[in-house]
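In the text below, chain A, chain B and the rest are named by the order of the sequence lines, each starting its count at 1.
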2 protein chains.
Amino acid sequence: MNFKHLKTFIEVANCKSFSVAATRLHTVQSAISRHINALEEELGISLFERNTRHVALTASGEVYFAHAKAILNHCEQAKNDAQLVAQGKLGVLRIGYLSSACAHFLPSVLRRFNEFVPNIDVKIFEMTAAQQLHAFVEGSIDIGFSRPIDYGYDGLIRHKHLSNDPIYLVVNDSHPLAQKNTARLTDLTPYSLTLFARDQASSLFDTIISAFHQHEIRPKVHSEPISMQALLTQVASSQTVALVPGCVRNLQTKQCCFIPLDIPLFTPLEMHWTASPSATAKTWLHWCEQDINLEKETPSHSPS
Amino acid sequence: MNFKHLKTFIEVANCKSFSVAATRLHTVQSAISRHINALEEELGISLFERNTRHVALTASGEVYFAHAKAILNHCEQAKNDAQLVAQGKLGVLRIGYLSSACAHFLPSVLRRFNEFVPNIDVKIFEMTAAQQLHAFVEGSIDIGFSRPIDYGYDGLIRHKHLSNDPIYLVVNDSHPLAQKNTARLTDLTPYSLTLFARDQASSLFDTIISAFHQHEIRPKVHSEPISMQALLTQVASSQTVALVPGCVRNLQTKQCCFIPLDIPLFTPLEMHWTASPSATAKTWLHWCEQDINLEKETPSHSPS
DNA sequence: TTCATTTATGCTCAAAAAAGATAAATATAG
DNA sequence: CTATATTTATCTTTTTTGAGCATAAATGAA
């Protein structure tokens, strides 16, 4: 079988004449005749009831006609879809994100992106920075939102700085420090420190520790919870203190008190992608550049 | 584009090797290479990420692969459907039928036929014998069930005798003749006759009239209703008498009394079809011959 | 019956596709 | 790091397929 045969068949069925179909297809009548005969031979049935004066589809011809049109449409669809995928206008975009840092802006951003390219199926995965790095290496996400990640080797991963999230002291609301308007790091020395686990968020951990070192303080580390919500529960239920990104206030924070620090201490929020991004990732990056200014979307340092 | 290109593409995608695909398709590797290149050129995208050691589908390739398989399946489906239609195993069978004569056996027959060939969509049309003749001429039914029809010209229409339906006298239940066990035609002379309209059922009309003529009776025709139900209502509500096929007792017959005649007077039930039946009609006729004995299905002369 | 029109078919030739040979590239083994 | 084996790309030759042309056969209409 052959697409040319199908096209010829459809044309003959439409104009009910071999010779008219020939001129419409810019060929000669004998070619049409042979195409139809070849099709009929292959199918083992006759598609047209014809003599030298009349051409009409048989019942089988009618059925085959409907199928033939659908098949050609399907071919066009296949071509179109493949091209859209290549252009990054159709497909899947997998985004890893740090829940505490992104939950407040990601939904609105993704909704606007979906309006821009409705045929990209955005799948989001809550992941720590370390998990995102691993996911990039094994190719299971296209875009990541997290604190800076420790990509040891060559330029596999690219990034863009989005915002600086100021770090706050957090204590329970009956804690002696809860009354202060701003806190100094030295205020914390009497208390044991709850510190977010390093393997979950190395950047935050290192920022905090190096700040203490700069002030020549050796904090007493009490515990290292692996989720921000667990950290807040720990703080709320004990006299320990903690240092957390301001965006954490978007979580459930009953009985916790956030106090600004007297020094500028920030943890950055970044967007990451690979050096050879997928087509959908390219579409995302292009959209981010021209349509959206993500920095404006992440006002995490505005006091609440 | 070309089906051969699609098949090559699918094979290469399956075994992820140009040369292996070549041997599987009983050709040489250079042919495969050119098929893929031709496809890629036409689509304007690359379907495989490949070098001399590795072949893998691109994202667009994955999408096109899924479409390509579906397209080839669709082609098979088209071929198959067309062949089934040609064999009369798929399609529409249009049956015209005389309601009063067929309503009691047609449903069960059609159910059994549907089990035999589930893909034939049987459409039934209630029609008088005259309407069936017209429908045959214009090709709008394939099979007809009716009394004998008056096909004036050549062998366009074929028929098969199914059963003889004995004709009964019908009177209302308080009529003087209602008490009799059998009736003679001469018993009817005092009464006016309600006669089913000739243009609705010429065969029945002529049978009745010629019976009267043989007995040298000239009946007083009172009215000529165009439906059996109307005839029964007329009989039930007046002192007129009527002669009707026994199967009419399957209709709503309140206050009517059916009395056998003392002479053998029948109206035949026949199946009709055209000299060049459609494929589905052939299937029907074949099924009737070998599977069903329609005569046994039409026990219209058994007294109720 | 004749004529005009339409499909089917045999023949020739050109275009396209397959086969064959070879080059280029690259992963693996030594 | 180099050599080798394997795989894809490309160029040339050969074979096959399909288009164009001429013509025969068929058929409905005048």
Checklist entry - With distance as the sole criterion, do the side chain of A:Ser30 and the base of D:dC21 form a donor-acceptor contact below 3.5 Å? => result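 It does, because a donor-acceptor pair links the side chain of A:Ser30 to the base of D:dC21 below 3.5 Å.
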
Checklist entry - Does a side-chain N-to-carboxylate-O contact under 4.0 Å join B:Glu40 and B:Arg50? => result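 Counted as a salt bridge, because a side-chain N and a carboxylate O are separated by less than 4.0 Å.
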
Can you check the [X] [atom1] to [N] [atom2] distance for me, whole Å?
X: B:Ile32; N: D:dT10; atom1: CD1; atom2: P; result: 16 Å
X: B:Phe18; N: D:dT10; atom1: CZ; atom2: P; result: 11 Å
X: B:Glu49; N: D:dT7; atom1: CD; atom2: C1'; result: 16 Å
X: B:Lys16; N: D:dT8; atom1: NZ; atom2: P; result: 13 Å
X: A:Leu39; N: D:dG18; atom1: CG; atom2: C1'; result: 15 Å
X: A:Arg50; N: D:dG28; atom1: CZ; atom2: P; result: 15 Å
X: A:Asn37; N: D:dG18; atom1: CG; atom2: C1'; result: 14 Å
X: A:Glu42; N: D:dG18; atom1: CD; atom2: P; result: 11 Å

Item to check | Qualifying residue for side chain to side chain donor-acceptor pair (under 3.5 Å) with B:His67, from A:His74, A:Gln77, A:Lys79 | outcome: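 Of the listed options, the one satisfying the test is A:His74.
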
Checklist entry - Using 30° and 60° as the class limits, which term best fits the ring planes of A:Trp284 and A:Phe113: parallel, tilted or perpendicular? => result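 The arrangement is perpendicular - the two ring planes meet at more than 60°.
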
Checklist entry - For the residue pair A:Phe48 and A:Phe18, does the interplanar ring angle fall in the parallel (under 30°), tilted (30 to 60°) or perpendicular (over 60°) class? => result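 Because their plane-to-plane angle is over 60°, the rings of A:Phe48 and A:Phe18 count as perpendicular.
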
Item to check | Contact interval (first through last nucleotide) of DNA chain C with protein chain B, 4.0 Å heavy-atom | outcome: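 First-to-last contact on DNA chain C, by the 4.0 Å heavy-atom rule, is C:dA18 to C:dA27.
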
Checklist entry - Among D:dG28, D:dA19, D:dA9, which is the nearest nucleotide to the side chain of A:Ala31? => result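 Nearest to the side chain of A:Ala31 among the choices is D:dA19.
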
Distance check: side-chain N/O of [X] vs OP1/OP2 of [N], anything under 4.0 Å?
X: B:His54; N: D:dT8; result: no
X: B:Arg53; N: D:dA5; result: no
X: B:Ser33; N: D:dA9; result: yes

Next on the checklist: Which is more 5' along DNA chain D, the nucleotide nearest A:Thr27 or the one nearest A:Asn51? Just name the residue.
Outcome noted: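 Upstream on the strand: A:Thr27.
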
Item to check | ring-ring contact (aromatic ring centres under 6.0 Å, His included) partners of B:Tyr97, counting only residues at least two apart | outcome: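 Residues passing ring-ring contact (aromatic ring centres under 6.0 Å, His included) with B:Tyr97: none at all.
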
Checklist entry - Hey, what bend do you get for the helix from C:dT1-D:dA30 to C:dG30-D:dC1 if you fit axes on five pairs at each end, rounded to 10°? => result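 Overall, the helix from C:dT1-D:dA30 to C:dG30-D:dC1 bends by 30° from one end axis to the other.
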
Checklist entry - Using the benzene-type ring in the case of Trp, are the ring centres of B:Phe205 and B:Phe196 under 6.0 Å apart? => result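 No, they do not, as the ring centres are separated by 6.0 Å or more.
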
Item to check | Nearest heavy atoms of A:Val12 and A:Ile32, plus distance in Å | outcome: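 Taking A:Val12 first and A:Ile32 second, the nearest heavy atoms are CG2-CG2, 3.5 Å.
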
Next on the checklist: If I take atom CD from residue A:Gln132 and atom CD1 from residue A:Ile157, how far apart are they, to the nearest 0.5 angstrom?
Outcome noted: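 Here the rounded value is 9.5 Å.
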
Item to check | Gap separating the OG atom of A:Ser276 from the CZ atom of A:Arg158, nearest 0.5 angstrom | outcome: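 Rounded to the nearest 0.5 Å, the OG-CZ separation comes out at 9.0 Å.
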
Checklist entry - Contact class for B:His5 (heavy atom, under 4.0 Å): base, sugar-phosphate, or nothing? => result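 Nothing: the residue B:His5, judged by heavy atoms under 4.0 Å, touches no strand.
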
Checklist entry - Under 6.0 Å from the CD atom of A:Glu42, do we count more than 12 heavy atoms belonging to anything else shown? => result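 Result for CD/A:Glu42: enclosed.
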
